[in-house]
Amino acid sequence: MDIYLKLLEVLFPVFFIVGIGYYLGKNNPKIDTTFITNFAANIGTPAMILYSLTSTGISFDIFKSYFWYFLLAIIIFTLIGAVFLFFLNTKDIIRELPPFIMPNTGNIGMPICLFAYGFEGLGVAAAIGALIVLCHFTLGVFLADRKFDITVILKNPPFYAIIIAVILLYFKIELPTFIENTTSLLMYATIFLILMSLGIALTRFKIFSFRIALISSIGRVILGPIVGILIIMYFNLSGFAAGVLLIQCSMPSAVLNYLIASIYSPKKIVDSVASTIVVSTLMSFFTIPIVVFFALKYFN
């Protein structure tokens, strides 16, 4: 019975806030989320990365290990995506890969890992989230635009937050208390705002090809956690960090895939990416509770 109560404690806050956003989006279709996007990108996400990596008790070795474990997962996700898109007769496989490769480890994954495993879980989740942020603005832009643009990552505030956090972790330097308190407040504000904006986004994205989006979403939210389990078994991982890895592998496609595609890709690709994000997110409301239950039961 305790594990079911814990499951409710972990998932209810996240799904409830997403529900608030969905309600607001339905009630007011013209609601402007520009402030949320700008705040999260320029202030909130850097603060969340800085706090999560430096003030949650994880070591540089754990950061490094799970950074590489999830990089391996991304490589496998890429292969799975390429195979799925090939059999779906997709004309532009390269541009449609990002929803397979980059899950929503930030908006949904980090708060779930926080509630499931506390601050240590948040630290490991942030290590994985940092990798996904780097991938979005390097690999994601490269796939969407079919060319690499170093200026994108150099203009990205979370990139510098990751560098600073890794340096502090490596040299075991603690944040001054006033910075730790500030980034902590900004982190919680960011979690609330980005979860709410996810709910709003679900009211705006449209599904253009349900069959293709459904098959692609199976590759993301069904095969994703299977990849996580295989990595855990192969490297003989255990404890809360293994649970975090499993949870992060099970996340739906990130909304940021859509934002990048809308800048660099043709409209047909943008529509396909949006469809996969909507369907995978809706499917994850059913798959995430199963994965989190499994993680809490076997990796606690």
Side-chain angles (χ1 to χ4, degrees), residues 4 6-23 25 70 73-74 76-77 80-81 84 96-117 121-122 125 128-129 132 135-136 191-192 194-207 209-229 231 243-259 272-297 299:
Y4 294 105
K6 179 67 175 178
L7 194 64
L8 181 66
E9 292 171 353
V10 171
L11 298 177
F12 181 79
V14 174
F15 290 170
F16 183 75
I17 295 172
V18 172
I20 291 174
Y22 187 84
Y23 172 79
F70 208 81
I74 287 173
I76 299 172
F77 295 157
I80 291 171
F84 267 64
E96 294 205 32
L97 271 175
F100 284 91
I101 300 172
M102 286 165 279
N104 201 336
T105 56
N107 292 28
I108 305 178
M110 286 180 64
I112 286 178
C113 292
L114 169 64
F115 296 138
Y117 295 112
L122 176 64
I128 293 169
I132 292 297
C135 284
H136 272 301
I191 288 173
F192 171 75
I194 59 179
L195 284 174
M196 192 172 66
S197 69
L198 174 61
I200 295 170
L202 290 176
T203 67
R204 295 178 175 175
F205 291 169
K206 295 180 180 179
I207 300 173
S209 175
F210 180 74
R211 184 184 70 87
I212 293 174
L214 178 62
I215 295 171
S216 299
S217 297
I218 289 171
R220 174 84 296 281
V221 300
I222 303 296
L223 296 186
I226 293 175
V227 170
I229 291 172
I231 292 174
V244 169
L245 177 67
L246 176 59
I247 291 170
Q248 292 286 55
C249 282
S250 73
M251 291 297 112
S253 299
V255 176
L256 196 50
N257 290 315
Y258 168 80
L259 298 177
S272 178
V273 169
S275 299
T276 301
I277 291 169
V278 173
V279 176
S280 66
T281 301
L282 293 176
M283 286 178 64
S284 74
F285 293 148
F286 299 96
T287 59
I288 286 176
I290 297 170
V291 173
V292 173
F293 176 85
F294 188 88
L296 290 172
K297 187 174 178 65
F299 303 109

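The basis for the numbers below is simple: all heavy atoms, side chains too, and nothing from hydrogens, waters or symmetry mates. Please read these numbers as outputs of a predicted model, since none were measured by experiment.
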*Closest approach of P225 and L246, non-hydrogen atoms and distance?*
O-CD1, 3.4 Å
*At their closest point, which heavy atom of I200 faces which heavy atom of G21, and how far apart are they?*
CG1-O, 3.1 Å
_Partner set under ring-ring contact (aromatic ring centres under 6.0 Å, His included) for Y258, not counting sequence neighbours_ = F205
_Contact summary for L7 and P289, nearest pair of heavy atoms_ = CD1-O, 3.7 Å
*Does a side-chain heavy-atom distance below 4.5 Å link N104 with T281?*
no
*asked:* As a quick check of understanding, evaluate side chain to side chain contact (heavy atoms under 4.5 Å, CB included) for I288 and I112, giving each step before the final call.
replied: CA-CA 10 Å; I288 286 176; I112 286 178; 3.8 Å; yes
*Between CD1 of I231 and CD1 of I226, what distance do you get to the nearest 0.5 Å?*
12.5 Å
*Check the pair F70 / I132 against side chain to side chain contact (heavy atoms under 4.5 Å, CB included), numbers first and verdict last.*
CA-CA 9 Å; F70 208 81; I132 292 297; 3.7 Å; yes
*Between atom CG of N107 and atom CG of L256, what is the distance when rounded to the nearest 0.5 Å?*
8.5 Å
*Backbone N or O of S217 within a donor-acceptor pair of the S280 side chain at under 3.5 Å?*
no
*Quick one: list whatever passes ring-ring contact (aromatic ring centres under 6.0 Å, His included) with F210, sequence neighbours left out.*
none
*asked:* Measuring only between side-chain heavy atoms, which start at C-beta, is V278 closer than 4.5 Å to K206?
replied: no
*Taking it one step at a time, do S216 and F100 satisfy side chain to side chain contact (heavy atoms under 4.5 Å, CB included)?*
CA-CA 7 Å; S216 299; F100 284 91; 3.6 Å; yes
*Where the side chain of Y117 meets the backbone of A125, is there a donor-acceptor pair that is under 3.5 Å apart?*
no
_Please check: side-chain N/O of S197 versus main-chain N/O of I194, any donor-acceptor pairing under 3.5 Å?_
yes
*Around F285, counting heavy atoms of other residues, nucleotides and ligands shown, do more than 12 lie under 6.0 Å from its CZ?*
yes
*Closest non-hydrogen atom pair, P103 against Q248*: CG-O, 3.9 Å
*With no hydrogens and no angle check, is any side-chain donor or acceptor of K6 less than 3.5 Å from a backbone partner on F115?*
yes
*How many angstroms lie between CZ in F15 and CD1 in I108, if you round to the nearest 0.5 Å?*
7.0 Å
*To the nearest 0.5 Å, what is the distance between CG (L122) and CD1 (I191)?*
6.5 Å
_Shortest non-hydrogen separation from V279 to L214 and the atoms involved_ = CG1-CA, 3.9 Å
*asked:* If I compare all heavy atoms of C249 with all of R220, which pair ends up nearest, and what's the gap?
replied: O-NH1, 3.3 Å
*Would H136 and N257 count as a side chain to side chain contact (heavy atoms under 4.5 Å, CB included) if you check the C-alpha gap in whole Å, the side-chain angles of each, and the deciding distance to 0.1 Å?*
CA-CA 7 Å; H136 272 301; N257 290 315; 3.3 Å; yes
*Looking at residues at least two apart in the chain, or sitting in another chain, which of them share a ring-ring contact (aromatic ring centres under 6.0 Å, His included) with Y23?*
none
*To the nearest 0.5 angstrom, please state how far the CD1 atom of I101 sits from the SG atom of C135.*
8.0 Å
*Do P252 and I277 have side-chain heavy atoms sitting under 4.5 Å apart?*
no
*Please round to the nearest 0.5 Å and tell me the distance separating atom CZ of F192 and atom CD1 of I20.*
5.5 Å
